[in-house]
Number of protein chains: 2
Amino acid sequence: MSNIRVVAELAGVSVATVSRTLKQPESVSPKTRHRVLDAIQQAGYQPNQLAARLRSGKTHNLVVLVPTIANVFFARVISGMQQVAHEKGFTLLLSNTQADEQTECHYARMVESAAADGVIQLRAFNPFKREHVNEHQLHPMVNACEVLDEVACPTVMLDNRAAAAAMTRHLLALGHNRIALVKGPARSPLTRDRIAGYRDALNEVGINFDEQLLVAGDFSLKSGYEAAAHLLTLAERPTAIFCENDEMAMGAMQCLKKMGLRIPEDMSVAGFDDINFAEYSDPPLTTIAQPAEEFGRTAVSLLIDVLQGRVTKAAKVILPFELVIRNSTGPLHKQP
Amino acid sequence: MSNIRVVAELAGVSVATVSRTLKQPESVSPKTRHRVLDAIQQAGYQPNQLAARLRSGKTHNLVVLVPTIANVFFARVISGMQQVAHEKGFTLLLSNTQADEQTECHYARMVESAAADGVIQLRAFNPFKREHVNEHQLHPMVNACEVLDEVACPTVMLDNRAAAAAMTRHLLALGHNRIALVKGPARSPLTRDRIAGYRDALNEVGINFDEQLLVAGDFSLKSGYEAAAHLLTLAERPTAIFCENDEMAMGAMQCLKKMGLRIPEDMSVAGFDDINFAEYSDPPLTTIAQPAEEFGRTAVSLLIDVLQGRVTKAAKVILPFELVIRNSTGPLHKQP
DNA sequence: GCTATAAATGATAACGGTTACATTTTGTAT
DNA sequence: ATACAAAATGTAACCGTTATCATTTATAGC
């Protein structure tokens, strides 16, 4: 592999001139510029990024900590990240952490060991050690999707509370007054906020919160199925099930249909995220649309701003949601 | 950020000894080892990877070229890759190429510019320039999922032809003799192989191939929907639809149900991949299960072997598939 | 105590760029 | 032609490691 010295010799100039030809072409006279470019061509020269990065101290790598890539929503978020990263000359180092804190810390440490410039964390966990926390200094990190409130860190989020309230109001407006909520992972702030929104909406119309109607889930199809199965065993069944993501809603629908219930006549079902499959489920799913790709795009762009010193405050960017009403929710039908 | 010199001074040894303490601890006497480790601790020293990589010429980065991360199947493949990469101390540089050749070449060039050691390509396209092809030298590349036959390159694949034949035989055995096939992207070898398998099975029982029953698709839910809609307009309708992936099968089912057809009584539908949603669709989808995570694991492991010179031939690893029969396929019911 | 050998450590040159500073060349005004 | 500023180019230090080779120190055998 040829290096800058070979090119310099070939062009009959110094290595500095070769470097300048590539980095600041305007500072090199047209005729030497041509000579150098010809030599580069001839030598098949590709500048060694490692060397350049070592000298400049910038890796142009961004670590992405994602709990599970196999999650359709996250896959879309990453897709958006990739787009902006590519445009701005950055590369994404992907880490599928399975929500394992040790793995997250391991990858975050790549920043300290100069293997990456910054981190995008899609989960509510701070992978940086306390010791390194400098009160007035931002970590080179951006938090997206799931809010990490303990640490001052630029964040891209949805108003989950408002979104959950909007969906709950939609169900209430259809006449439902026993609405079950299938939660996400217990510790997630996302879950907490959505529960809050759900309660807000119930309070508005004076319906008492019933603990029984809150069921644990983990965002998987299976947990949605099981949650629905559990709800059907209750003495006082709900008439609507609001799931904190679409996968669980689809799992729940599968269970309900298997038990012979019609959707939405016998039970309304709602989801959250508006994944591709939501539109194609049977019946098509009522859900909250989140701008997944936009989450990714904004997060990367924000992180680059932080790295380049253009952002110095832990700003929060709130992205809009949309209530998408399809056919899985409908008016309450009185049981005969 | 403290460097190796600071640590060396702190421990009262040379930089070489510090380096050795970390890389080959056995070559350092126990007492200096302790002294050095203490100094490292005290200085909060993290070796600079950029420097180490520049010197050693290895980046421990692998570029992954994936057409669309948002594809559920690929997401699982990447998940498997990540697992092995992490275990072996490698990092994945993710590139969502949207099947754009220019983007693919751009990322592949990272190998030449020392930003990555190798490439895993999930699509049938060679991102390396011809000029660099050395007849007897392997590219630092592994091809997975979609076979790239023009270039000698280690490959991880499924016997798509056999799998498609197996599914077609299953449908034939149920009494279907007009079986439609919804294809993937036209240029894909994967599509070509699956068509070949489909024809193999038809030939075995002496059914003539009908061009009309071959419909174009692009692996999206929408294209499955449209393909089904088209098939329903045919004068001689098929009684079964075999889609080259599960998303299209789910799109097709949505269309059929909307048109009032029952599945499988009026029309059997089969997919390919066995994504999570397949089990939870209505009805649960008959499909070909592919070991997606295993694709990823094998690909990474193979690439590392190539990089370390343990593999010098363009070996093909063929992974097993499994015919998963659920309820979307059933015996032919004669129309009244 | 004295070699011969092995083990541990040190000094220093790479790795391949970038960049501050020094030097040369070019251009312009007198 | 001369002086002087501006533009172009060259020189060499530097980024933080690792690897090679030389040197010192420990170990063993006699």
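Throughout, protein chains are lettered first and strands after them, A, B, ... in sequence-line order, and every chain is numbered starting at 1.
If you take NZ of A/Lys31 and P of D/dA7, they are 16 Å apart, rounded to a whole angstrom. For the pair B/Leu50 CG and D/dT18 P, the interatomic distance rounds to 12 Å; values are reported in whole Å. The separation between A/Leu54 atom CG and C/dG16 atom P is 12 Å, rounded to whole Å. Put simply, CZ on B/Arg20 is 10 Å from C1' on D/dT18, counting in whole angstrom units. As a whole-Å value, the separation of A/Ile40 CD1 from C/dG16 C1' is 14 Å. B/Glu112 has its CD atom 14 Å from the P atom of C/dG17, to the nearest Å. What separates CD of A/Glu9 from P of C/dG16 is a distance of 15 Å, to the nearest Å. Rounded to an integer number of Å, the gap from A/Arg33 CZ to D/dA8 C1' is 12 Å.
More than 12 heavy atoms of other residues, nucleotides or ligands shown are found within 6.0 angstrom of NE2 on B/His106.
At the phosphate of D/dG10, OP1 or OP2 sits under 4.0 Å from a side-chain N or O atom of A/Thr17. Residue A/Ser56 places no side-chain N or O under 4.0 Å from the OP1 or OP2 atom of C/dT18.
Each side chain to side chain donor-acceptor pair (under 3.5 Å) pair with one or both residues in residues 49-70 of chain B, not counting sequence neighbours, appears once here: B/Thr59-B/Asp117.
Both A/Arg35 and A/Arg5 lie near DNA chain D, and the one whose nearest nucleotide falls closer to the 5' end is A/Arg35.
Contacts between residues 22-29 of chain A and DNA chain D, defined by a heavy-atom separation below 4.0 Å, involve A/Val28, A/Ser29, listed by number.
At a cut-off of 3.5 angstrom, the base of C/dA14 holds at least one donor-acceptor pair with the side chain of B/Arg55. At a cut-off of 3.5 angstrom, the base of D/dG16 holds no donor-acceptor pair with the side chain of B/Arg53.
Salt bridge A/Glu294/A/Arg297: present, at least one basic N to carboxylate O contact under 4.0 Å. The existence of a salt bridge linking A/Glu146 and A/Arg123 is excluded, since no basic side-chain nitrogen approaches an acidic carboxylate oxygen closer than 4.0 Å.
Rounded to the nearest 0.5 angstrom, B/Gln82 CD and B/Glu293 CD are separated by 12.5 Å.
Of all nucleotides listed (C/dT9, C/dG17, D/dT9), C/dT9 comes nearest to the side chain of B/Thr32. Minimum atom distance to the side chain of A/Asn3 is reached by C/dG17, of the listed C/dG17, C/dG10, D/dT17.
Between B/Arg35 and B/Asp38 there is no side-chain heavy-atom pair separated by less than 4.5 Å.
At the heavy-atom level, B/Ala16 lies under 4.0 Å from base atoms of the strands shown.
Just one of B/Val63, B/Asn126, B/Val111 meets the side-chain contact (heavy atoms from CB on, under 4.5 Å) condition when paired with B/Met141; it is B/Asn126.
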